[in-house]
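Inspection log for the structure reproduced underneath, given as structure tokens.
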Amino acid sequence: MSTDGWKNFGKYGAHLDPGNVHGKIALGRALEDALERMIIEGGIKSPPTTRRGLLARMRYLTTTTGGTQALSDAGITATPRTIRAWTHGTQRPRPHNLEAIDTAYWNLRAHNVLTNPHGFKQHLNNAGRGTRVEIHPVNQDLVDQPRRRDNLRLRTIQVRYVWDEAVDAMVDGDEAKLEEIWDDVIADLDSDWGAYTYVSHIGLGA
């Protein structure tokens, strides 16, 4: 799946290996990972190489606002007549066009989810129950032994009421807001909260 054209998606390095970073960056990465899972899991399951997968993608691209532009952005230069034939299943695209159609579909779906992230917010809010946040402490392998904190451990907390603002901040690339939200989250970690300003990884699970 291509991420070309996704507004700010990947800003926080969702696919980077875990490393010691400020919690606001780790939170941005975790949100990007969760959003991508939601985009994929809610998308068309059949691959574009199957008739069913191709027709479903073409139906989405030809009936959803922005579909024509998504096809163009993905490199499709076919005539309207050819696109109609693909949509009705009377003509099969060449392999490079199949790949471009797949790219156009995922880009458009991602764009639409990011433009209207209400469903993503609902998922994280979980009917008021919130989302479980796993906070992995900093990797201390490179820290001099006298400065290591052996009591640091993975912490798991149920976080509520911040997700609407967190999603908006992730989409807008607003690191200052994410830092403010992260400070609120770790405030619930009793006297150890300061040790989790920087972390190695954050995982989200509703």
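One is the number of the first residue; the rest follow in order along the sequence.
- A search for salt bridge (charged side-chain N to carboxylate O under 4.0 Å, His left out) contacts involving D188 returns nothing, not counting sequence neighbours.
- In this view, N125 and D164 satisfy the side-chain hydrogen bond (donor to acceptor under 3.5 Å, both in side chains) rule, not counting sequence neighbours.
- The main-chain N or O of A100 is never found under 3.5 Å from a side-chain atom of Y105 such that the two would form a donor-acceptor pair.
- For R81, there are no side-chain hydrogen bond (donor to acceptor under 3.5 Å, both in side chains) partners at least two apart in sequence or on another chain.
- Shown here is E99, whose CD atom has no more than 12 heavy atoms of other residues, nucleotides or ligands within 6.0 Å.
- Within the 4.5 Å cutoff, the side chain of I202 has heavy atoms near those of the V199 side chain.
- Rounding to the nearest 0.5 angstrom, the gap separating the CG atom in D102 from the CG atom in L54 is 10.0 Å.
- Using modelled atom types, one side-chain atom of R109 and one backbone atom of I39 make a donor-acceptor pair closer than 3.5 Å.
- Listed by chain and number, the residues in a side-chain hydrogen bond (donor to acceptor under 3.5 Å, both in side chains) with D168 are K121 (sequence neighbours excluded).
- A side-chain donor-acceptor contact under 3.5 Å links T50 to the backbone of G53.
- The two atoms that bring L31 and W163 nearest to each other are CD2-CZ3, 4.0 Å, heavy atoms only.
- Using modelled atom types, no side-chain atom of Q122 and backbone atom of A127 make a donor-acceptor pair closer than 3.5 Å.
- Between N20 and S200 the shortest heavy-atom distance is OD1-CB, 3.7 Å.
- Closest heavy-atom contact between M170 and E32: SD-CG, 4.1 Å.
- Minimum interatomic distance between L61 and A70 (heavy atoms only, all atoms of both residues): CD2-CB, 4.2 Å.
- Residue E134 holds its CD atom at 13.0 Å from CZ of R155, rounded to the nearest 0.5 Å.
- Without hydrogens or angle criteria, W182 side chain to Y196 main chain gives a donor-acceptor distance under 3.5 Å.
- Under the 3.5 Å distance criterion, the side-chain polar atoms of R132 are left unmatched by any main-chain donor or acceptor of G203.
- Side-chain atoms of H22 come within 3.5 Å of backbone N or O of K24 as a donor-acceptor pair.
- Not counting sequence neighbours, the partners of T82 by the side-chain hydrogen bond (donor to acceptor under 3.5 Å, both in side chains) test are T79.
- Residue-environment remark: CZ (R52) stays at or below the threshold of 12 foreign heavy atoms within 6.0 Å.
- Contact check for D73 versus N107: no side-chain heavy atoms found under the 4.5 Å cut-off.
- Looking only at distances, a side-chain donor or acceptor of R51 sits under 3.5 Å from a matching main-chain atom of G89.
- Shown here are the salt bridge (charged side-chain N to carboxylate O under 4.0 Å, His left out) partners of K177, two or more places apart in sequence or in another chain: E165, E180.
- Within the 3.5 Å criterion, the main-chain N or O of L124 finds a donor-acceptor partner in the side chain of T131.
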